[in-house]
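A short write-up of the structure that comes next.
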Amino acid sequence: MPELPEVETMRRGIADVVGGTIVETRFPVISCKPIAVSPARPTLARQLRGATIERLDRIGKRLVIRLCHARALVIEPRMTGLLLLANPPDEGHLRVGWRLEGVPVDWLWFWDRRGLGTLQLLSDKQLVARYGPGKVGPDALAVTVDILRAQLAASRREIKVALLDQRAIAGIGNLYASEILHVAKVSPFTPCHQITIPQWRRIADATRSVLEEAVKYEGSTLSDGTYRNALNQNGGYQNHHRVYDRAGQDCPRGCRSQVQRGVQAQRSTFWCPRCQVLRKTNRA
DNA sequence: CCCCAGTCCTGCGGGC
DNA sequence: TGCCCGCAGGACTGGG
């Protein structure tokens with residue numbers, strides 16, 4: 001599932017499209033339900049024709065293709081979306097293709113097995129209104145203890161649930177939230193308002209180190225094989241997961257306890273009950 | 001505002 | 001063996 005490291009890997013992987021001009025937008029005929037695009041397909045194709053790609057940005061888990069004339073194509077891969085330069089896993093789930101001129105890359109593709117991904121063509125003004133500061137939180141790769149506390153310390157939510165809130169911090173999803181809290185040695189069930197400053201510091205440090213490491217290994221390809229880089233190759237970080245999808249296995253910290261699985265906000269949480277103890281605190 | 005549950009979507013694996 | 005159900009979790013929405 002593309003989270004920050006996977007989207008960042010996509011961004012780097014398609015860097016060759018920068019400077020290219022979109023000469024055609026193609027929607028391959030597919031048997032499954034089409035993905036949501038805005039504006040509607042014919043308009044989108046017409047408005048993209050002749051557009052030059054100026055830069056690639058990332059806002060949390062969204063990829064932003066900056067275009068000439070102060071426009072931006074916002075791509076949300078959500079669960080199974082991929083940006084590819086070649087070798088789609090199958091032809092049946094290719095959703096959109098862009099033919100480019102002026103760069104070594106002929107085609108950029110959006111492939112999405114489940115089809116939950118979305119595309120939006122926005123003006124720069126609309127982009128800021130929808131995804132600017134205030135709408136989407138600070139990027140998780142640049143998080144500090146002060147940012148974390150400012151965004152989350154007053155909340156009564158459990159920290160694992162709060163870390164998934166993109167308005168608070170942008171880029172963390174279900175997989176990396178569990179990984180971060182294991183490295184930080186903080187129980188995922190700790191209410192935010194009970195977290196101590198040393199714990200916030202460890203969460204901030206772990207957020208950056210886990211995500212940086214995951215970017216270095218080009219993201220996580222899970223057993224369902226969904227996430228791939230721009231050339232349809234596996235990421236490598238799944239071999240470095242500490243707790244995610246490792247229920248029953250020994251804690252990698254060597255504490256001789258086993259990784260547990262639980263559910264928070266209808267999503268799986270993995271943690272070590274010995275390294276991530278929920279401490280009872282006395283409330284005033 | 002805060003928080004939860006439901007919704008979208010497809011493929012896969014467990015259970016019968 | 002085949003079928004069906006539930007799960008996977010991105011973002012969003014409606015309701016309490």
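Lettering of chains follows the sequences in order, A, B, ..., and the numbering in each one begins at 1.
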What's [X] touching, base or sugar-phosphate or nothing? Going by heavy atoms closer than 4.0 Å.
X: Y244(A); answer: sugar-phosphate
X: S268(A); answer: sugar-phosphate
X: S155(A); answer: sugar-phosphate

Going by the rule side chain to side chain contact (heavy atoms under 4.5 Å, CB included), which residues pair with R41(A) if we only count those two or more places apart in sequence or in a different chain? F27(A), P34(A), V37(A)
Report the residues that fulfil side chain to side chain contact (heavy atoms under 4.5 Å, CB included) with A184(A), sequence neighbours left out, ordered by chain and then residue number. V186(A), R202(A), I203(A), A206(A)
Please check: side-chain N/O of [X] versus main-chain N/O of [Y], any donor-acceptor pairing under 3.5 Å?
X: Q266(A); Y: V263(A); value: no
X: N174(A); Y: S268(A); value: yes
X: Q276(A); Y: R274(A); value: no
X: E8(A); Y: P5(A); value: no

Between dG6(C) and dG6(B), how many Å separate the two C1' atoms, rounded to a whole number? 16 Å
Atom [atom1] of [X] and atom [atom2] of [N]: how far apart are they, to the nearest Å?
X: Y176(A); N: dG10(C); atom1: OH; atom2: P; value: 11 Å
X: H193(A); N: dC1(B); atom1: NE2; atom2: P; value: 20 Å
X: Q264(A); N: dC4(B); atom1: CD; atom2: C1'; value: 14 Å
X: K160(A); N: dC4(B); atom1: NZ; atom2: P; value: 12 Å
X: Q266(A); N: dG6(B); atom1: CD; atom2: P; value: 7 Å
X: R156(A); N: dC3(B); atom1: CZ; atom2: C1'; value: 13 Å
X: N174(A); N: dA8(C); atom1: CG; atom2: P; value: 9 Å
X: L152(A); N: dC1(B); atom1: CG; atom2: C1'; value: 15 Å

Going 5' to 3' through nucleotides 11-16 of chain C, assign each nucleotide B (protein heavy atom under 4.0 Å from a base atom), S (under 4.0 Å only from sugar-phosphate atoms) or - (no protein heavy atom that close). BS----
With sequence neighbours excluded, tell me which residues meet side-chain hydrogen bond (donor to acceptor under 3.5 Å, both in side chains) with S38(A). none
Side chains of [X] and [Y]: is there a donor and an acceptor less than 3.5 Å apart?
X: E158(A); Y: Q264(A); value: yes
X: E218(A); Y: Y227(A); value: no
X: D112(A); Y: T80(A); value: yes

Using a cut-off of 6.0 Å, state whether more than 12 heavy atoms not belonging to H240(A) lie near its atom NE2. yes
Strand DNA chain C in bracket notation, Watson-Crick/G-U under 3.5 Å with | for pairs to another chain: .|||||||.|||||||
Can you check nucleotides 9-12 of chain B for protein contacts, nitrogen or oxygen pairs under 3.5 Å, and list what you find?
unit_1  : atom_1 : unit_2  : atom_2 : d
dC9(B)  : OP1    : K33(A)  : NZ     : 2.2
dC9(B)  : O2     : R114(A) : NE     : 3.2
dC9(B)  : O2     : R114(A) : NH2    : 3.1
dC9(B)  : N3     : R114(A) : NH2    : 3.4
dT10(B) : OP1    : K33(A)  : N      : 3.4
dG11(B) : OP1    : H93(A)  : NE2    : 3.0

Please state whether the rings of W107(A) and W109(A) are parallel, tilted or perpendicular, taking 30° and 60° as the class boundaries.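 The arrangement is parallel - the two ring planes meet at less than 30°.
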